[in-house]
Amino acid sequence: MVAFGCNYTIFGMKITLLTERQRARASAWVLPLFENEKPKGRHVWQQLGQPNRRIVDPYFSHDFHAKDNEERLIILPKPPRQLILLGLGKKNVWTLRKLTLLSRRIVRAAKRHRASSLAFHLDDLAVPGIGLPRAAQTVVENLLLADFEFTQYKERPKEGWPKVNSVELITGASREVRDAVAMGKIIGEETNECRRLANTPGSDMTPERLAREAQSQGHGRVRVRILNEAALRKLKMGGILGVSRGSDNRPRFIVMEYRGARRGAAARKPIVLVGKGVTFDSGGLNLKPEQSMQDMHMDMSGAAAVIHGIAAIARLNLPINVVGLIPAVENMPGSAGFRPGDLLKTMSGKTIEVLNTDAEGRIILADALTYAKRYDPSLVLDVATLTGAAMVALGQRATALFATNPKLEATLREVGEVSGDYVWPLPLWSEYEEDIKATFGDVANLGKSRWGGAITAAAFLWQFAKEFPQWAHLDIAPTMTTIEGQELSKGASGVGVRLLVELCRRLAPARRRGGPKR
Ligand code: BES
Ligand code: ZN
Ligand code: ZN
């Protein structure tokens, strides 16, 4: 159970809210300023003290103009010993996206200067048109995201890893802001845990291990069942079994159930989240070349997002029912492995004509989508590192979105924008279904032409999602890893967690959107 102010931390960042009158204890102050703006007298100098002011004041007349990305470190004679000035650029173009990056810059700058405790004013950073609670949530999430480093497999340096242990946020702190901070902390922590799972090497993160990780989530509020190979055979999940045949690491099917809806609530039909859990994708017999294979331990990023999305939803006590389904396999070449030309009989009864063993994600997802039917879901959403083609289409800054209706598409775009997991739509038109017609089976796992690979993959999945009232597919291959300029450490981005939580928050009944359990 997590209560606000309680010190449950995986990564040990303590976040405290202070009012203007309380004195911060941090060893470093961060002063984010808009272009040509001076620190607002009263509140800043009250905290920094007059002796320090004599050192700091001259910076504003000569040296520091608060242009976007400008940064100065000032060493002060009296505590706090460090002052970090950060330029925000022009105030009239301040957005939630910029606040996201700023929050990360704060932590990165602190780590660079080896400041482990920080303080700054939250309310100055408010974004026009967006309430302070949402801004506060964004700040907290991104402070945590920027603090994360995947160090488990490295020798610890003598001086330790640079790390921000405590942040004091000065704010007029309404109750809504407090709740938002608590929520941001949970979401930030779960996103980082998602990154930890995805970054773990393939030899260690096997289907069995992934299943164990899922089992330990949700603070006892998520029911987790693991289906082994025998169970998969009983269910006739020929897709998952087919893809897994080349590997000694045997497949699992992970089922997570969170029942948060209040009794009798209209939202009792669950949302089903499906995550691609390929713990390593060598390509199979259609072996990937060196460059393409290096990141393929992260081919379970969709699974990790579903596991930690549900963990966050449970910790937040959202009043909604959510099911997570994860087919977990390793795609390896092996003498028993599946082959191009194979016809795999899926749980749905449809056969898949395998034309390329590297298009394995859609094959295992087909069985998971069929399994989802037993929940009579109100919405099914899958999250998968499905195609390199989605990266070709969008670059690495947006997840590709496919949805069965315009309203769902609009909701997901908005949720993406607000949560920071940016998505962009591609078409789901019946014309594309022509491209995946098979010769000897029902559906081919490869499009007929080399164009539009992300769309043909979505059209393939659609064949197994026709009975759902609503279905959406997120191809997260483009956003699987962080990129230069995002102010995050290298490796898995944790994409999906923030989006799934924000979506479920919106779909939960309006009056009580949940908050962390007190
Ligand atoms: N896991 C890959 C897709 C991928 C590529 C994810 C890059 C993250 C970064 C997927 O299984 C795959 O190999 N897809 C093939 C499909 C093709 C054979 C139709 C691809 O994109 O090349
Ligand atoms: Zn593949
Ligand atoms: Zn794959």
Side-chain angles (χ1 to χ4, degrees), residues 239 271-276 302 346 348-356 358-370 372-373 377-417 421-480 495-496 499-500 503 507:
I271 296 173
V272 175
L273 307 174
V274 180
K276 172 176 170 182
T346 60
S348 69
K350 283 191 180 43
T351 54
I352 296 174
E353 187 167 296
V354 179
L355 298 177
N356 188 319
D358 197 11
E360 83 298 339
R362 63 197 79 179
I363 301 177
I364 63 169
L365 290 171
D367 278 337
L369 288 169
T370 303
K373 287 181 191 160
S378 56
L379 162 68
V380 177
L381 181 71
D382 72 73
V383 189
T385 47
L386 208 62
T387 66
M391 292 172 93
V392 174
L394 295 173
Q396 290 187 273
R397 296 180 193 278
T399 291
L401 160 67
F402 300 83
T404 49
N405 71 71
K407 186 159 172 260
L408 179 60
E409 180 184 300
T411 303
L412 282 164
R413 275 190 59 185
E414 203 182 302
V415 163
E417 191 61 42
D421 274 336
Y422 308 131
V423 303
W424 199 256
L426 289 175
L428 192 67
W429 295 336
S430 53
E431 287 89 328
Y432 289 100
E433 294 180 284
E434 289 301 314
D435 298 353
I436 46 156
K437 291 225 160 108
T439 312
F440 302 110
D442 298 314
V443 215
N445 81 330
L446 197 65
K448 285 193 181 116
S449 87
R450 29 189 302 246
W451 311 116
I455 307 173
T456 45
F460 176 101
L461 295 179
W462 195 18
Q463 306 312 304
F464 300 88
K466 289 274 162 95
E467 289 168 36
F468 303 131
Q470 309 191 82
W471 167 70
H473 157 56
L474 294 171
D475 190 335
I476 56 166
T479 45
M480 177 178 82
V495 60
L499 179 133
L500 294 179
L503 177 70
L507 297 180

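Starting from 1, each residue takes its place in the sequence as its number.
- Here the closest non-hydrogen pair linking L428 and A459 is CD1-N, 4.5 Å.
- Two residues are said to be in side-chain contact when any heavy atoms from C-beta on lie closer than 4.5 Å; E409 and F402 fail this criterion.
- Formation of a donor-acceptor pair under 3.5 Å by the D367 side chain with backbone atoms of T346 is not found in this model.
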- Task: Could you give me the CA-CA distance, side-chain angles and deciding distance for Y422 and E417, then say whether side-chain contact (heavy atoms from CB on, under 4.5 Å) is met?
- Result: CA-CA 5 Å; Y422 308 131; E417 191 61 42; 4.1 Å; yes
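- For K466, the NZ atom sits in a packed shell: over 12 heavy atoms of surrounding residues, nucleotides or ligands are nearer than 6.0 Å.
- For the pair Q396 and T479, the tightest heavy-atom approach, listed with the atom from each and the gap, is O-CG2, 3.9 Å.
- Remark: the backbone N or O of A444 is not paired with any side-chain donor or acceptor of E353 at under 3.5 angstrom.
- T387 and A457 make their closest contact through CG2-CB, 3.6 Å (heavy atoms, listed as atom of the first residue, atom of the second, distance).
- Of all non-hydrogen atoms in G239 and I364, the two that sit nearest each other are O-CG2, 4.3 Å.
- Atoms CG and CZ, on L446 and R362 in that order, are 6.5 Å from each other to the nearest 0.5 Å.
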- Please report the C-alpha distance between T399 and W424 in whole Å, then the side-chain angles of each, then the deciding distance to 0.1 Å, and finally whether the side-chain contact (heavy atoms from CB on, under 4.5 Å) criterion is met. CA-CA 6 Å; T399 291; W424 199 256; over 6 Å; no
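- Looking at heavy atoms from C-beta onward, L500 lies in side-chain contact with L381 at the 4.5 angstrom threshold.
- Residue pairs meeting the side-chain hydrogen bond (donor to acceptor under 3.5 Å, both in side chains) criterion with at least one partner in residues 452-465, sequence neighbours excluded, are E433-Q463.
- Summarising the geometry, atom CG belonging to L273 is positioned 10.0 Å from atom CG belonging to L474; distances are rounded to the nearest 0.5 Å.
- S378 OG to L507 CG: the interatomic distance, rounded to the nearest 0.5 Å, is 7.5 Å.
- With rounding to the nearest 0.5 Å, the separation of CD1 in I476 from CG in L401 is 13.0 Å.
- In this structure, T351 contributes its side chain and D442 its backbone to a donor-acceptor pair below 3.5 Å.
- W429 places none of its side-chain heavy atoms less than 4.5 Å from the side chain of I455.
- Between the K448 side chain and the E434 main chain, a donor and an acceptor come within less than 3.5 Å of each other.
- In this structure, CZ in F468 is found 10.0 Å from CG in L379, a value given to the nearest 0.5 Å.
- Shortest non-hydrogen contact noted between A454 and A389 is N-CB, 3.4 Å.
- Judged purely by atom type and a 3.5 angstrom limit, D475 has no side-chain atom pairing as donor or acceptor with the backbone of A390.
- For the atom pair CG (L426) and NE2 (H473), the distance works out to 9.0 Å, reported to the nearest 0.5 Å.
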- Message: Evaluate N405 against Q470 for side-chain contact (heavy atoms from CB on, under 4.5 Å), listing each step before the verdict.
- Response: CA-CA 7 Å; N405 71 71; Q470 309 191 82; 3.2 Å; yes
- Message: Would L386 and L365 count as a side-chain contact (heavy atoms from CB on, under 4.5 Å) here? Give the steps.
- Response: CA-CA 10 Å; L386 208 62; L365 290 171; 3.9 Å; yes
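- Between the side chain of T404 and the backbone N or O of W471 there is at least one donor-acceptor pair closer than 3.5 Å.
- No side-chain donor-acceptor contact under 3.5 Å links D435 and W451.
- N445 places a side-chain N or O within donor-acceptor distance of the main-chain N or O of N356, the cut-off being under 3.5 Å.
- Residues R397 and P478 form no side-chain contact, since every pair of their non-hydrogen atoms from C-beta on lies 4.5 Å or further apart.
- Under a 4.0 Å N-O distance rule, the pair K276/E360 qualifies as a salt bridge.
- Considering all non-hydrogen atoms of both residues, V272 and P377 come closest at CG2-CB, 3.7 Å.
- In this structure, D421 contributes its side chain and G416 its backbone to no donor-acceptor pair below 3.5 Å.
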